[in-house]
Structures are given as structure tokens and as C-alpha cells.
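Counting from 1, the numbers follow the sequence of the chain as shown. Only a predicted model underlies this, so the values are computations on that prediction, with no experimental measurement involved.
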Amino acid sequence: MSELATLSHITHDNLVHLIGGCVDGPRRMLVYEYMDNGNLAQNLLDNKTTLLSSWEVRKGIALGIAAGLAYLHEEIHPRIVHRDIKPTNILLDLDLRPKISDFGLSKFFPDDITHITTRVAGTLGYLAPEYAISGHLTRKLDVYSFGALLLEIVSGKKVVDFDQTLGEQYFLVERAWKLYKSDRLVQLVDPVLMKDDGNVEEAERFLRVALLCLQQKSILRPTMSAALKMMNATTASDEGGGVVVEIMEPGLIGDFMAVKIGRRQQDNKQQSSTTTTTTEGAASVL
Ligand SMILES: *[C@@H]1O[C@H](CO)[C@@H](O)[C@H](O)[C@H]1NC(C)=O
Ligand SMILES: *[C@@H]1O[C@H](CO)[C@@H](O)[C@H](O)[C@H]1NC(C)=O
């Protein structure tokens, strides 16, 4: 019902189009436009299909997701925080245009309030620290999740995964920050995208935007429209071009035990490192 209410009001090229719905006792269905190419997780992370092996395609996907989020955050009233931005919720149409889907957790956000305190729901790896720890919800939660997703899009690696060679869990955000500090961020760019030097430079710029979106302090994260401008600038002298602001340490919930969240469901067995979580019994307070 939440999803129906949200989607019946909005249309945008980068939001999945809801065709209809049915609520008949226990039977509940939402009917969407058909997405020929499935979701981003399947193509980018699980199966590594050749569909996404060019930088132009990855770039188009990143820009489209940013445009969809900027629309939700800044162009409609009331504003909408999606709350569950992650690769499985990004669908790809025949032309590989990205469409944000699954508005089951999204919240309307009245213009005159700065944040909502809510029970924590979402997916580990994409949860901003202030939200995971205290339920403090602002649009900057989606900006953080977008940052994590953008790292995945450019690197082709999962935000949290098990490193077979090191035999331990790794966090992509932490890895990106270490590489950035030692001036080796370019090493994170997916090797399949390295065919052309110009691309590499642009891909590295996207990684810096991702790190900005992931800043520990939510106030240091850009708005989605600002992030879009930084990514889509053709030259550094364009308005908002390049990434001129200083990048500080990103926020990371490395210790999942410190987060007071209960387990709600497992996405599926293969994806157990990205667990969907929710607090138990916490009240929603506006
Ligand atoms: C991977 O691709 C194969 C062949 O295209 C398909 O049958 C399979 O379902 C895909 N797996 C996932 C996880 O998407
Ligand atoms: C990116 O910039 C180009 C050229 O300025 C523009 O045509 C396009 O609409 C922009 N893309 C997005 C997603 O804003």
C-alpha cells in the first residue's frame, strides 16, 4: 500500500512505472512495466554480464539513478526518501536505462521538518551511520546509499563481500578511502572499463563523488542534484564541475554488532552479506 500510494503520484524516466495494483484480502500485487534486463545486481555483481562492460553504459546508469533520486528529493512535494537504494532495486530496461524500484520502505518527507526519527530498515552496507545507529532519517541517507552504489557501479565489486585471497570480509567503502588517501583511487576502477584513458579519469571522478556522498558527517554529503552536477560536468570549469571540495573520512558501520538492529529477512542465501534489517518494536516518531 505504501508503494502504491507513493508511485501513483510520481512519474520520471528513472523511476519504475507502476501500471496497476490489486489488494484483495491476502492477495496483493503490484504490476510494473516490464524490465527486459532485470536488475543491476544480476548484471553487475552476480553474473558479470557483458551488458555493462562499457564506461558509457555504467556512466548512464549512475547519472540516471542520481537524476531519479534528485527528482524524489528535490523536485516533488512532499519530498520522498527512498530508504532502500541498492543494486537489486535498480531495474534496467531494454536500453539499459536505470529505473529505481521498490518503494516499500519509502517515506514522505514534509518540507518544514529537518528529519524524522524512525525505526531502522534498509540494507547493511548501504545504511548511513547516523541512521543505522539512531534512526535519524534525512534525505542524506539516500545520498549515502547512492555513494555505496556508485562505488559498486564503478568498481564492479560488492559493497560488503568476502575476500577469498585474504580470507576475510572486506568493506568497499574502507578500501576506497585507503586508496584515496594514498592517491591510488584509480586502482578501484573495474579493469573492464580501462580500455580508454579518458574514461579512467572520468571514472575516478565518479569515485571521488561517491566518497563525498559517503561522508561520515551527513552535512558534508552533497545533495543529489549537486552530486549529479559533479558527475555530469564535461570539464572541471563547468558549473559544479569536478570535485573541488575536500573529502573527509567516509562513515562506515564496520562493526555490525554495534548497530541495534534485528534481523528481518535474508535477501537470499548467496547474498547473506547484505542483510535486510529492522529494529524490533521501536516506535515511529514524527
Ligand atoms: C546468470 O545468467 C544466466 C544465463 O544468462 C541465467 O540463466 C542466470 O539466471 C543468471 N543468474 C543470475 C543470478 O542472474
Ligand atoms: C548530463 O549533461 C548532458 C549535457 O550537458 C545533458 O544533456 C544530460 O541531460 C545530463 N544528464 C543528466 C542525467 O542530468
Q: Is it the case that the side chain of Gln215 and the backbone of Arg221 share a donor-acceptor pair, with hydrogens and angles ignored and the cut-off at 3.5 Å?
A: no
Q: Sub-3.5 Å donor-acceptor pair from the side chain of His82 to the main-chain atoms of Asp102, do we have one?
A: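 Answer holds: yes.
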Q: As an exercise, state the distance from CG of Leu40 to CG of Asp46, rounded to the nearest 0.5 Å.
A: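 Nearest 0.5 Å value for the CG-CG distance: 10.0 Å.
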Q: Look only at the side chain of Arg205 and the backbone of Met230, and say whether a donor-acceptor pair between them is shorter than 3.5 Å.
A: yes
Q: Report whether Leu91 and Ile19 are members of the same hydrophobic cluster (ILVMFWY, side-chain heavy atoms less than 4.5 Å apart, transitive linking).
A: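 Different clusters: Leu91 never reaches Ile19 through Ile, Leu, Val, Met, Phe, Trp or Tyr contacts under 4.5 Å.
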Q: Any side-chain heavy atom of Leu207 sitting closer than 4.5 Å to one from Val189?
A: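 Leu207 reaches Val189 side chain to side chain.
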Q: Are any side-chain N or O atoms of Glu130 and backbone N or O atoms of His136, one a donor and one an acceptor, separated by less than 3.5 Å?
A: no
Q: Measure the shortest side-chain to side-chain distance between Leu63 and Leu228 over non-hydrogen atoms and say whether it is less than 4.5 angstrom.
A: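 Counting from C-beta outward, Leu63 and Leu228 do come under 4.5 Å.
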Q: Give a yes or no on this: more than 12 heavy atoms of other residues, nucleotides or ligands lie within 6.0 Å of atom CD of Gln187.
A: yes
Q: Applying the side-chain contact (heavy atoms from CB on, under 4.5 Å) test to Ile90, which of Leu44, Ile153, Leu149, Asn39 qualifies?
A: Leu149
Q: Answer yes or no: does atom NZ of Lys178 have more than 12 heavy-atom neighbours from other residues, nucleotides or ligands under 6.0 Å?
A: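 Counting neighbours around NZ of Lys178, 12 or fewer heavy atoms of other residues, nucleotides or ligands fall under 6.0 Å, so no.
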Q: Is it the case that one hydrophobic cluster holds both Ile85 and Phe171, taking links as side-chain heavy atoms less than 4.5 Å apart, direct or via other members?
A: yes
Q: Determine whether Leu92 and Leu51 make a side-chain contact, defined as any pair of heavy atoms from C-beta on separated by less than 4.5 Å.
A: no
Q: As an exercise, state the distance from CG of Leu252 to CH2 of Trp177, rounded to the nearest 0.5 Å.
A: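 Going from the CG atom of Leu252 to the CH2 atom of Trp177 covers 12.0 Å.
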Q: Would you say the side-chain atoms of Asn43 pair up with the backbone N or O of Asn37, donor to acceptor, closer than 3.5 Å?
A: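 Looks like yes, one N/O pair under 3.5 Å.
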Q: Please check if the side chain of Tyr71 supplies one atom and the backbone of Leu15 the other of a donor-acceptor pair under 3.5 Å.
A: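 Here the side-chain-to-backbone pair does not exist.
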Q: Membership question, hydrophobic clusters at under 4.5 Å side-chain separation (ILVMFWY): are Leu188 and Val192 in the same one?
A: yes
Q: Just by modelled atom types, is the Ala226 backbone N or O under 3.5 Å from a matching donor or acceptor in the Thr223 side chain?
A: yes
Q: Could you go through Met194 and Asn199, starting from their C-alpha distance and side-chain angles, then the distance that decides it, and tell me whether this counts as side chain to side chain contact (heavy atoms under 4.5 Å, CB included)?
A: CA-CA 7 Å; Met194 295 280 215; Asn199 294 347; over 6 Å; no
Q: Has the side chain of Ser145 got a donor or acceptor atom that lies under 3.5 Å from a matching backbone atom of Tyr126?
A: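 Here the side-chain-to-backbone pair exists.
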Q: List the steps, then state whether side chain to side chain contact (heavy atoms under 4.5 Å, CB included) holds for Ile61 with Leu52.
A: CA-CA 9 Å; Ile61 289 171; Leu52 306 184; 3.6 Å; yes
Q: Under 4.5 Å between any side-chain heavy atoms of Arg58 and Val154, yes or no?
A: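 Side chain of Arg58 against side chain of Val154, heavy atoms only: no contact under 4.5 Å found.
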Q: Are Tyr180 and Val200 connected into the same hydrophobic cluster when the rule is that any two of I, L, V, M, F, W, Y join if their side-chain heavy atoms are below 4.5 Å apart?
A: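 As far as the 4.5 Å side-chain criterion goes, Tyr180 and Val200 are connected within one cluster.
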Q: Quick one: pull up CG in Leu214 and CZ in Phe146 and give me the separation to the nearest 0.5 Å.
A: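 Reported value, rounded in 0.5 Å steps: 10.0 Å.
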Q: Taking Asp142 first and then Arg79, would you say they form a salt bridge - that is, a charged N and a carboxylate O separated by under 4.0 Å?
A: no
Q: Nearest heavy-atom pair of Gly147 and Ala210: which atoms, and what distance?
A: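 What the structure gives for the nearest pair is O-CB, 3.5 Å.
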Q: Identify the two heavy atoms, one from Ser182 and one from Arg184, that lie closest to each other, and give their separation to 0.1 Å.
A: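 In this case the closest contact between Ser182 and Arg184 is OG-NE, 3.0 Å.
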Q: Rounded to the nearest 0.5 Å, what separation is found between the CZ atom of Arg208 and the CE atom of Met231?
A: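 Rounded to the nearest 0.5 Å, the CZ-CE separation comes to 13.5 Å.
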Q: Given side chains that start at C-beta, do those of Lys99 and Met35 come closer than 4.5 Å, heavy atoms only?
A: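 Yes - at least one pair of side-chain heavy atoms lies under 4.5 Å apart.
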Q: Which ILVMFWY residues are connected to Tyr34, directly or by a chain of links, through side-chain heavy atoms under 4.5 Å apart?
A: none
Q: Quick one: does any side-chain atom of Ser101 pair with a main-chain N or O of Asn89 as donor and acceptor, under 3.5 Å?
A: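 Answer holds: yes.
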Q: Are the side chain of Asn14 and the backbone of Pro98 linked by a donor-acceptor contact shorter than 3.5 Å?
A: yes
Q: Decide whether Leu179 and Val186 are clustered together by the hydrophobic rule: side chain heavy atoms of Ile, Leu, Val, Met, Phe, Trp, Tyr closer than 4.5 Å, transitively.
A: yes
Q: When rounded to the nearest 0.5 angstrom, what distance separates CD1 in Ile100 from CD1 in Ile65?
A: 6.5 Å
Q: Can you establish whether the number of heavy atoms outside Asp183 located under 6.0 Å from its atom CG is more than 12?
A: no
Q: Heavy atoms, side chains only, cut-off 4.5 Å: are Tyr144 and Pro129 in contact?
A: yes
Q: Considering non-hydrogen atoms only, spot the tightest contact between Thr88 and Ala41 and give its length.
A: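 Here Thr88 and Ala41 meet closest at CG2-CB, 3.6 Å.
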Q: Inspect the surroundings of NZ in Lys217 and state if more than 12 heavy atoms from other residues, nucleotides or ligands are less than 6.0 Å away.
A: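 Open.
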Q: Nearest 0.5 Å, what's the CG-CG distance between Leu30 and Leu18?
A: 6.0 Å
Q: Take the angle between the ring planes of Phe206 and Trp55 and call it parallel below 30°, perpendicular above 60°, tilted in between.
A: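 Aromatic pair Phe206/Trp55 classed perpendicular.
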Q: Does any non-hydrogen side-chain atom of Val159 lie less than 4.5 Å from one of Leu151?
A: no
Q: Start with the C-alpha gap between Glu74 and Met224, add the side-chain angles, then the distance that decides, and say whether side chain to side chain contact (heavy atoms under 4.5 Å, CB included) holds.
A: CA-CA 8 Å; Glu74 300 167 43; Met224 281 314 306; 3.9 Å; yes
Q: Between Leu150 and Cys213, does a side chain to side chain contact (heavy atoms under 4.5 Å, CB included) hold up when you go through it step by step?
A: CA-CA 9 Å; Leu150 187 55; Cys213 292; 5.6 Å; no
Q: Do you know the tightest heavy-atom contact between Ser53 and Leu193?
A: O-CD2, 3.9 Å
Q: Looking at every non-hydrogen atom in both residues, tell me the closest pair between Tyr170 and Lys157 and how far apart they are.
A: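 Between these two residues, the closest heavy atoms are OH-CB, 3.6 Å.
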Q: Where is the tightest heavy-atom contact between Ile219 and Lys140, given as atom of each residue plus distance?
A: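 Here Ile219 and Lys140 meet closest at O-NZ, 3.9 Å.
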